[in-house]
Student: 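Handing you this structure, nothing more for now.
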Amino acid sequence: MRTGLLAACAAVAAAHAGVDPVPGVAPRAEFVAPAPGSYHLQRIQRTGDAVLLDDSGRARHLAPLLHGKVTLLTFFYTYCVDPLGCPFVRTTLAGLRARLVADPELAARVRFVTVSLDPQTDTPEVLRAYAKQIGFDPRLEWRFLTAHSVDRLLPLLDDFGQDVSVDTDAQGRQTRTLHHMLKVFLIDPHGTVREIYSLAFLQPDVMFNDIQTLALEAHPAASGAASTRPAVLPDGTVLAVRAIARRP
Amino acid sequence: MRNRSRLTCLLPTLLFSVGLAIAAHADETCNSPYVSNLIRGQEDFIHVWTLGVEGLGDGSDKLVTIDANPHSGTYGKVIHSVSVGGRGEAHHMGFTDDRKYLWAGNLNDSKIYVFDVGTNPAKPKLVRTITDLPEKTGYVGPHTFYALPGRLLIGNLSNTRDNGGVTGLAVYNNKGGYVAKYDIPTSNIGGVQGDGYGYDIAINPAKNVLLTSSFAGRQNYMRALGEVVKDPEAMKHFGGTLVAWNLKTMQPTQIFSVPGAPLEIRWAPAPGQNWAVTAAALTSKLWLVKQDGAGHWHAKDVATIGDPAKIPLPADISITSDAKGLWVNTFMDGTTHYFDLSDPEHPKETFHQHTGAQVNMISESWDGKRIYITSSLLSLWDKPAPDNEQFLRAFNWDGHALTPTFEVDFTKEELGRPHHMKFTAKPTQQAALRARGAPQS
């Protein structure tokens with residue numbers, strides 16, 4: 001469980017007899033990520049729809065933003081300061097964007113969607129400022145969304161299985177800190193969740209290859225990639241794999 | 001390769017035995033690394049997946065909740081029980097990644113029950129029953145429930161075709177929908193013949209490695225042990241392999257020969273400790289799985305548990321959170337052992353104590369100060385009276401001695417045979433997100 005404020009987190013730990021949401025451990029990846037297209041990503045669940053607000057304040061259906069491209073979706077809130085929470089995801093996504101835009105054809109088939117968990121604070125204006133901090137890059141679509149209200153956000157969270165709660169203080173009053181399990185959802189162009197990265201799985205090389213794997217699935221011959229799915233021997237040996245050609 | 005000659009040698013002794021170990025993820029140090037909200041302090045509740053006994057209470061399998069907080073007025077008492085209305089050989093459980101739900105499996109009818117333990121852990125509620133595992137996968141006997149983000153990886157014991165030990169892994173999403181299946185290899189990989197058998201699951205995310213172990217099929221585990229051990233053909237059908245998988249591709253990469261039914265697998269939970277241990281039930285050996293400098297994994301036996309000639313049958317194991325100690329329950333002699341794992345290549349037993357006529361599962365708190373033991377193995381393999389004690393016993397551990405704290409007699413309470421345990425804690429100082437926020441204009 002990642003939390004938004006470490007100080008609050010420590011206070012909770014001290015006061016609570018059981019659960020101790022101590023800071024997590026940064027993910028390690030002491031292996032070579034399997035080659036894109038050499039494996040199959042599970043079809044975990046279908047995604048639904050919700051009406052949200054974009055950073056211009058316009059109502060937007062979510063479903064069209066989960067179709068047509070390979071999408072990475074995550075829930076966040078702008079004032080989260082846990083180094084292994086939302087800021088860690090933001091840094092990871094920014095790094096992935098930098099790698100993806102090196103191949104404009106691939107980047108054009110990828111989309112990032114970030115949805116706020118705190119509609120009250122994260123207004124469209126706040127989202128615009130947040131997006132500006134990250135920096136705009138026209139080569140990769142990155143959407144920032146919030147909800148009209150918590151009530152209209154909850155069904156979406158339930159659909160994705162995104163657990164969120166609000167810390168309270170010793171008097172039972174709500175604090176600003178949100179507890180939420182860090183999750184990034186990889187969604188194929190047909191709107192199906194194909195991978196979910198929690199903190200232990202937030203390994204950029206794996207995520208990058210997963211994105212390429214789904215891109216290959218949708219357009220096998222695109223980006224100079226191998227035109228057919230490679231065979232995989234029982235011992236993991238991958239036959240007939242050509243690495244996706246990277247543009248200089 | 002399975003060590004069948006070894007099993008034949010064990011046969012005479014097993015003829016006089018009445019139990020064989022079977023167990024899996026039991027405690028706070030052995031949860032999937034993808035489970036959130038580790039309880040590093042005092043657990044409030046212990047949930048016990050309990051086999052129904054005909055003529056005892058309602059006779060059904062049930063999830064029993066016991067108050068484990070010493071500051072509570074009902075400490076050590078059964079405070080809740082959810083009957084599922086039938087007997088299907090209740091066995092093991094596992095949390096979803098958000099720890100809101102507990103999935104509990106039956107080895108005989110292959111049903112999977114999903115309990116809500118997040119809303120009010122003092123009163124778990126049955127919210128879903130999954131019945132399509134055999135139809136979707138061809139596997140039966142769902143055993144290990146291992147959380148992955150948004151889904152569960154389920155290790156099975158058997159199959160619909162012949163009720164033998166060849167089986168596989170199933171994946172279901174957290175909503176209860178079937179996702180995928182993966183056969184455990186029966187091919188030869190790296191010179192070692194796969195037996196296709198399944199049992200436990202353990203993942204090391206940093207190494208992208210999944211390990212599976214191997215036990216036996218339904219034709220053995222749902223047959224009276226006295227009959228199994230008298231049947232030389234049946235005794236050939238126990239697992240003798242560990243399999244290493246590429247977790248991302250779900251392709252098996254290595255098979256290790258580990259004779260004698262290797263059961264529980266525990267990765268060292270301490271950061272940077274990339275090794276795992278398992279216990280082989282029939283040979284009473286501890287095995288270490290470790291990577292060499294060239295990146296290849298190896299399995300080797302590193303210690304004996306009790307006197308293997310007496311067939312103590314190591315059941316459950318529980319590794320400490322710092323990976324420096326290992327608890328082992330041996331079912332037949334009712335003994336709880338503690339091994340010093342400071343040097344995992346050379347574990348040393350430093351403590352043992354008789355804790356019951358039959359002891360199977362062992363669960364420890366993250367801080368290592370408390371351990372809990374239950375008695376039941378399988379409905380047809382538990383010892384006959386007067387050794388058929390059915391209990392949960394709690395102890396404090398100070399590094400030198402076990403001090404009893406409370407005990408629940410599951411027969412006297414008319415509950416059944418207690419098997420797998422999981423901990424939960426009260427969700428204090430948190431409110432639902434629903435309470436926050438006004439609509440945006």
Student: Less than 4.5 Å to any heavy atom of chain A: does that hold for the side chain of B:P185, its backbone, both, or neither?
Tutor: neither
Student: State, with a plain yes or no, whether a side-chain heavy atom of A:L41 is found less than 4.5 Å away from one of B:K248.
Tutor: yes
Student: Under 4.5 Å heavy-atom distance to chain B, tell me which part of A:V193 shows up: side chain, backbone, both or neither.
Tutor: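 Nothing of A:V193, per the 4.5 Å heavy-atom cut-off to chain B.
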Student: Of all the heavy-atom pairs spanning B:G150 and A:I196, show the shortest one and how long it is.
Tutor: CA-CD1, 3.7 Å
Student: With respect to chain A, which residue among B:N173, B:T424, B:N208, B:I255 yields the maximal number of heavy-atom pairs within a distance under 4.5 Å?
Tutor: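 Among B:N173, B:T424, B:N208, B:I255, the one with the most close pairs to chain A is B:N208.
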Student: Do any N or O atoms from the side chain of B:D98 and from the backbone of A:D163 form a donor-acceptor pair under 3.5 angstrom?
Tutor: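 No, B:D98 side chain to A:D163 backbone: no donor-acceptor pair under 3.5 Å.
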Student: Using 0.5 Å steps for rounding, measure from the CZ atom of A:R28 to the CG atom of B:N274.
Tutor: 5.5 Å
Student: For chain A, which residues from residues 175-183 of chain B lie under 4.5 Å away (heavy-atom distances)?
Tutor: B:K175, B:V179, B:A180, B:Y182
Student: Go through the atoms of A:I44 and report whether side chain, backbone, both or neither lie under 4.5 Å from a heavy atom of chain B.
Tutor: both
Student: How far does CD of A:E30 sit from CD of B:Q291, to the nearest 0.5 angstrom?
Tutor: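 Nearest 0.5 Å value for the CD-CD distance: 8.0 Å.
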Student: If I measure from the heavy atoms of chain B, does A:Q162 come under 4.5 Å with its side chain, its backbone, both, or neither?
Tutor: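 Neither part; nothing is under 4.5 Å.
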Student: For A:Q42 and B:R151, does a side-chain donor sit closer than 3.5 Å to a side-chain acceptor?
Tutor: yes
Student: Taking all non-hydrogen atoms of both residues into account, name the closest pair between B:K207 and A:F31 and its distance.
Tutor: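 Looks like C-CD2, 3.8 Å.
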Student: Which answer fits A:N209, side chain, backbone, both or neither, if we ask what part of it has an atom under 4.5 Å from a heavy atom of chain B?
Tutor: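 Contact with chain B is absent: no heavy atom of A:N209 under 4.5 Å.
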Student: Considering only heavy atoms, which portion of B:L247 lies under 4.5 Å from any heavy atom of chain A: side chain, backbone, both, or neither?
Tutor: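 The side chain, not the backbone.
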Student: Please state whether the side chain, the backbone, both or neither of B:N246 comes within less than 4.5 Å of a heavy atom of chain A.
Tutor: side chain
Student: Using a 4.5 angstrom heavy-atom cutoff, name the option from A:Y197, A:F201, A:F185 with the most pairs to chain B.
Tutor: A:F201
Student: How many angstroms lie between CD in B:Q251 and OH in A:Y39, if you round to the nearest 0.5 Å?
Tutor: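 Separation between the atoms: 12.5 Å.
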Student: Measuring heavy-atom distances to chain A, does B:D97 have an atom under 4.5 Å in its side chain, in its backbone, in both, or in neither?
Tutor: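 Both backbone and side chain of B:D97 come within 4.5 Å of chain A.
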